[in-house]
Protein chains: 2
Amino acid sequence: MTRSEENYLKTIFHLGSGDDASINTNAIAEQMETKPSSVTDMAKKLAEKGLVNYKKYQGISLTDAGIKTALSIVRKHRLWETFLVEKLDFAWDEVHEVAEQLEHIKSEKLIDKLDQLLKFPKYDPHGDPIPGKNGEFQEHNKDLLSELPVGAHGVCVGVKDSSSAFLQYLDKHEISIGKPIQILGKEAFDGSLHLKIGEREHTVSHQIACNIYLK
Amino acid sequence: MTRSEENYLKTIFHLGSGDDASINTNAIAEQMETKPSSVTDMAKKLAEKGLVNYKKYQGISLTDAGIKTALSIVRKHRLWETFLVEKLDFAWDEVHEVAEQLEHIKSEKLIDKLDQLLKFPKYDPHGDPIPGKNGEFQEHNKDLLSELPVGAHGVCVGVKDSSSAFLQYLDKHEISIGKPIQILGKEAFDGSLHLKIGEREHTVSHQIACNIYLK
DNA sequence: AACTATTTTTAGATTTGTCTAAATTTAATT
DNA sequence: AATTAAATTTAGACAAATCTAAAAATAGTT
Ligand SMILES: [Mn+2]
Ligand SMILES: [Mn+2]
Ligand SMILES: [Mn+2]
Ligand SMILES: [Mn+2]
């Protein structure tokens with residue numbers, strides 16, 4: 001399994017949000033910052049190996065074997081991210097790029113021992129679930145802040161956007177995983193929310209609210 | 001810098017034992033399990049980048065820039081090996097292959113933090129020195145067990161052969177870094193040595209004695 | 001249904017790193 | 001010094017992963 005093949009499987013997995021939905025060639029190309037023709041080439045190769053279902057013009061979906069492989073890469077990515085934050089004091093906005101490299105290291109023992117060192121974490125620094133050895137994982141039953149009514153309150157359990165820029169915005173406004181958040185009011189005009197975050201009050205735009213998960 | 005380029009630099013560095021001696025094309029090919037023609041191709045590319053000195057038929061040597069790059073890869077390799085043994089309970093014969101992959105991860109912050117987590121180790125699990133951030137390192141002033149006279153005693157500080165097979169042999173006979181060793185006698189016929197290892201006595205072949213460093 | 005726009009695929013080229021086989025240079029031996 | 005052997009380089013090919021440009025299929029719209 002090459003690094004490129006692994007990256008395609010992971011991208012298809014994320015675009016299909018885990019299930020075996022059929023994904024567009026163009027969507028994969030955009031996500032991977034490559035060209036549609038390259039995606040077609042890889043689709044054929046992965047189909048050959050039994051990792052994706054592919055029929056010309058019909059989109060691409062993961063087979064069971066493909067899902068299993070994708071989950072093992074996601075597991076590695078999220079364990080490494082957790083390691084970087086927990087053991088090496090990385091900030092949560094600094095881990096993704098390094099984990100993109102580390103997720104391709106091939107050693108089952110390494111990842112098992114890492115899991116053990118981290119005490120078998122269930123969620124990564126962004127609140128995303130870490131699949132177990134056999135691919136099992138439990139997603140938080142969470143809601144987007146933007147879809148909750150005024151008065152709702154809960155605890156931040158994850159972010160949808162994991163970009164460095166967004167995470168740094170959250171840091172600046174002291175929003176982090178575990179923080180209690182309450183919706184004090186909503187602006188009808190632009191959907192911006194007035195929030196109580198811990199002990200403080202802040203107003204955030206609709207765009208921000210679309211990327212924070214509450215439980 | 002590609003992974004392949006890094007591997008060539010590291011190999012040239014090891015074959016030249018650190019200094020800027022001129023290395024044979026064939027020696028590099030054999031060490032890397034590749035063909036001499038591939039080495040020639042890479043020599044040209046690395047020369048183009050100013051990392052090696054290369055003139056047709058004259059052998060290959062590292063430039064200062066090449067030595068610096070090689071040292072940073074060796075640093076990463078040995079820090080990762082130390083991490084695997086110290087933090088993840090790997091045995092010293094299990095770390096090399098994984099470190100071969102990990103040494104190519106690109107993140108200065110990662111390696112600095114790792115160094116810190118390990119408390120800035122000076123030697124790796126095989127007794128090899130770990131270069132610092134600026135490439136500086138101190139080799140143990142050590143001697144091969146095979147070159148010491150009868151009666152000599154010291155402490156094992158390193159191994160020359162880091163193969164899994166050899167390290168497992170050492171484990172079996174309870175030879176490890178830090179163990180006191182004394183030469184009780186030498187067999188004139190085949191050069192095998194009668195040793196006191198800790199509290200025990202063992203006889204080892206000349207071949208074994210050629211791969212253990214004492215101080 | 002016909003036309004247009006979008007998506008997707010094909011054909012052919014490129015880069016990187018490798019290989020084989022043949023040619024060339026250097027080293028060793030008569 | 002001539003010959004043989006060994007080391008090294010060149011020439012040409014190949015697989016992987018990508019790209020561009022053009023063709024084909026599908027979807028959307030008059
Ligand atoms: Mn990530
Ligand atoms: Mn994450
Ligand atoms: Mn090693
Ligand atoms: Mn080592």
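Sequence lines set the chain letters: A, B, ... in the order given, protein chains first and strands last, and positions in each chain run from 1.
Ring geometry for B:His202 against B:His173 counts as perpendicular: the plane angle is over 60°, on a 0 to 90° scale with 30° as the lower cut.
Screening residues 89-117 of chain B for ring-ring contact (aromatic ring centres under 6.0 Å, His included) gives B:His77-B:His96 as the qualifying pairs, with residues at least two apart or on separate chains.
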key: Sugar-phosphate or base contact per nucleotide [nucleotides 18-24 of chain C; S, B, -; heavy atom under 4.0 Å]   = BBB---B

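One atom, NZ of A:Lys44, and another, C1' of C:dA11, lie 10 Å apart when rounded to the nearest Å. Atoms CG (B:Asn26) and P (C:dA27) sit 13 Å apart, rounded to a whole Å. Between the P atom of C:dT7 and the CD1 atom of A:Ile28 lies a distance of 14 Å, rounded to the nearest Å. Rounded to an integer number of Å, the gap from CD1 of B:Ile60 to C1' of D:dT9 is 11 Å. The distance between atom CD of A:Gln58 and atom P of C:dT8, rounded to the nearest whole Å, is 11 Å.
Residue B:Lys56 places at least one side-chain N or O under 4.0 Å from the OP1 or OP2 atom of D:dT10. Applying the 4.0 Å criterion to OP1 and OP2 of C:dT16, one finds that B:Thr2 has every side-chain N and O outside that range.
By the neighbour-count criterion of 12 heavy atoms within 6.0 Å, atom NZ of B:Lys186 is densely surrounded, having more than that number from other residues, nucleotides or ligands. A 6.0 Å sphere centred on NZ of B:Lys106 holds more than 12 heavy atoms belonging to other residues, nucleotides or ligands.
A salt bridge does not link B:Glu136 with B:Lys133: none of the charged nitrogens is closer than 4.0 Å to a carboxylate oxygen.
Checked against the 6.0 Å centroid threshold, B:Phe137 and B:Phe120 do not count as a close aromatic pair.
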